[in-house]
Amino acid sequence: MTGATGYVGGRLVPLLLDRGHDVRTTTSHPDREQPWWSDRVETVVMDALDADQVADACNGVEAVYYLIHGMGGDDFAETDRKAASNFADAAKSHGIERIVYLSGLVPDVEESELSEHITSRREVENILKEVPATVVVLRAAVLLGSGSTSFEIIRQVSERMPVHTVPAWMDSMVQPIAVVDVLDALVGALDYSGPTRHFDVGGPDKLRYGALLDSYTQHAGLERPQMKVPLLPTALVGTLVGGLTDVPTPTVEALVESLHHDMVIADDDFREALLPPEHQLVGLDDAIRRSLAPRTGEPEHADAMGPLPQDPAWSDGGDAKPRLAKVIDAIKDVLPERDR
């Protein structure tokens, strides 16, 4: 399990343990505080860019969960490429039977119109699919759940902006999915009996991004008028949102860029192939309500939709004060000097 201390990985590990699997996790920072479930797993030190460490980590495992994504820096695509190539080589050497990769939803547009980050995700898929193993790729867009990047952007923007200004190009169709449904699909990918392929994963509701913001504010008890704004540059929007939230700015900019296109699934094959027969997807209203619930009790008994101890430090529930000075400085950085 790579990315075991990340948002999805930290919730997936205990679920796998509860289903009876033996789990080996990797970490590149062994001195950090370990997750609450760490005494139930084997943990090895591994840098995804170190081919020897990757090979050692993959020795003796039947399946690999690949939850690695580069989000920032000028060379993120090369970093993604090298990490994926290291895992592909290790999987071939050790005869790994299955790789499960959580990727990003690919919009139905020409390849030349895809963002750099989605293009990189596609490249990682192709590298992993070269392995003679069953490779199952789950492509998701907006993940709903306390602590998820997508949800925290919605939460913190709503808490900190008295008016929602939505660029016309950003009001695309989206199909958010509850993280608990993604987790069940990831577990189900271990038992998938078909050939290597990707699955689009989305929830039961399709709506415009502006309507998603409205739905959140209603559940949070906020009044946030919404105003459509034409012609706002993508870079400016990414900078504004990055300045208003505690989410790392490169991550925000990547997600904002993806909203140029509709992010809805092409089919729902994943429901039959990866989920139990009686599984019911969590609807939007229930997903937001559960995501907003306060943390209660011990993490092993908590709802994975809500906050958990290993969630990112910046997922503060929107309680921090707006960082207006940072936003103003950020705007100046992207505006021509004559317009400042």
Side-chain angles (χ1 to χ4, degrees), residues 3 6-16 18-19 65 67 69 100-105 136-158 172-189 199-209 211-220 247 255 258-259 262-296 299-308 310-312 315 317-318:
Y7 174 70
V8 173
R11 285 161 167 75
L12 181 57
V13 169
L15 190 58
L16 290 169
D18 291 343
R19 304 286 176 89
Y65 278 100
L67 306 180
H69 300 293
V100 182
Y101 173 43
L102 180 59
S103 184
L105 196 63
V136 185
V137 178
L138 278 67
R139 294 176 174 177
V142 177
L143 261 61
L144 296 177
S146 179
S148 89
T149 302
S150 302
F151 185 78
E152 291 304 325
I153 289 174
I154 293 170
R155 167 155 49 190
Q156 295 179 24
V157 165
S158 297
S172 304
M173 293 294 294
V174 293
Q175 191 169 357
I177 184 169
V179 67
V180 290
D181 290 327
V182 174
L183 294 173
D184 281 335
L186 286 167
V187 173
F199 292 94
D200 289 356
V201 295
D205 301 286
K206 299 179 185 179
L207 68 169
R208 295 202 174 275
Y209 194 75
L212 178 58
L213 291 174
D214 277 342
S215 183
Y216 173 86
T217 57
Q218 291 171 16
H219 282 277
V247 181
L255 294 177
S258 71
L259 290 172
D262 290 341
M263 301 295 281
V264 297
I265 63 177
D267 57 62
D268 62 355
D269 292 356
F270 82 101
R271 298 185 67 171
E272 181 176 351
L274 306 181
L275 295 174
E278 303 303 320
H279 186 96
Q280 296 293 317
L281 296 176
V282 179
L284 177 64
D285 290 336
D286 194 27
I288 295 176
R289 178 185 60 79
R290 290 167 61 181
S291 301
L292 289 173
R295 182 184 300 172
T296 57
E300 56 265 32
H301 304 302
D303 182 2
M305 293 295 299
L308 288 176
Q310 78 279 355
D311 286 345
S315 60

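In this chain, numbering begins with 1 at the start of the sequence shown.
- When the side chain to side chain contact (heavy atoms under 4.5 Å, CB included) test is applied to Gln218, the partners found at least two apart in sequence or on another chain are Asp214.
- Considering only residues two or more places apart in sequence or on other chains, Ser146 meets the side chain to side chain donor-acceptor pair (under 3.5 Å) condition with Arg155.
- Partners of Ala302 under the side chain to side chain contact (heavy atoms under 4.5 Å, CB included) rule, at least two apart in sequence or in another chain, are Leu308.
- Panel note: side chain Ser215, backbone Ala211; no donor-acceptor pair is recorded below 3.5 Å.
- Distance check, rounded to the nearest 0.5 Å: OH of Tyr209 to CD1 of Ile154 gives 4.5 Å.
- Applying the side chain to side chain contact (heavy atoms under 4.5 Å, CB included) rule to Ser172 yields the partners Asp262; only residues at least two apart in sequence or on another chain are considered.
- Taking CD1 from Ile153 and OG from Ser158, the interatomic distance works out to 11.0 Å, rounded to the nearest 0.5 Å.
- With respect to Ile177, the side-chain contact (heavy atoms from CB on, under 4.5 Å) criterion is satisfied by exactly one of Leu284, Val182, Leu144, Ile265: Val182.
- Listed for the Gln175 side chain is no donor-acceptor partner under 3.5 Å among the backbone atoms of Lys206.
- By the ring pair (Phe, Tyr, Trp, His ring centres under 6.0 Å) test, Phe151 pairs with Tyr216, sequence neighbours left out.
- Rounded to the nearest 0.5 Å, atoms OG (Ser103) and CZ (Arg139) are 6.0 Å apart.
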For a quick test of your reading: what N or O donor-acceptor pairs under 3.5 Å do the side chains of residues 272-280 make, sequence neighbours left out?
residue, atom, partner, partner atom, Å
His279, NE2, Asp181, OD1, 2.7

| message | Using side chain to side chain contact (heavy atoms under 4.5 Å, CB included), reason through Gln310 and Arg11 one step at a time and then give a plain yes or no. | response | CA-CA 9 Å; Gln310 78 279 355; Arg11 285 161 167 75; 4.0 Å; yes
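- Side chain of Tyr65 to backbone of Leu12: no donor-acceptor contact under 3.5 angstrom is found.
- Nearest heavy atoms, Ala304 versus Leu183: CB-CD1, 4.1 Å.
- Across all non-hydrogen atoms, the minimal contact from Leu212 to Leu207 is N-CD1, 3.4 Å.
- Contact record, Met263 with Ala141: CB-CB, 4.0 Å, taken as the closest heavy-atom pair.
- Considering all non-hydrogen atoms of both residues, Pro204 and Gly283 come closest at CG-CA, 3.8 Å.
- Applying the side chain to side chain donor-acceptor pair (under 3.5 Å) rule to Asp18 yields the partners Arg40; only residues at least two apart in sequence or on another chain are considered.
- Not counting sequence neighbours, the partners of Asp269 by the salt bridge (Lys or Arg N to Asp or Glu O under 4.0 Å) test are Arg197.
- For Thr149, the side chain to side chain donor-acceptor pair (under 3.5 Å) test picks out no residue, with sequence neighbours left out.
- In this structure, Tyr7 has no ring pair (Phe, Tyr, Trp, His ring centres under 6.0 Å) partners at least two apart in sequence or on a different chain.
- Counting all heavy atoms, side chain and backbone alike, Asp311 lies closest to Gly306 at OD2-O, 4.2 Å.
- Under the salt bridge (Lys or Arg N to Asp or Glu O under 4.0 Å) criterion, Arg295 pairs with no residue at all, not counting sequence neighbours.
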| task | Report the C-alpha separation of Tyr101 and His69 in whole Å, then their side-chain angles, then the decisive distance to 0.1 Å, and conclude whether the side chain to side chain contact (heavy atoms under 4.5 Å, CB included) test is met. | result | CA-CA 10 Å; Tyr101 173 43; His69 300 293; 3.7 Å; yes
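- Considering all non-hydrogen atoms of both residues, Ala293 and Pro307 come closest at O-CD, 3.4 Å.
- Arg290 meets the side chain to side chain donor-acceptor pair (under 3.5 Å) test with Asp303; sequence neighbours excluded.
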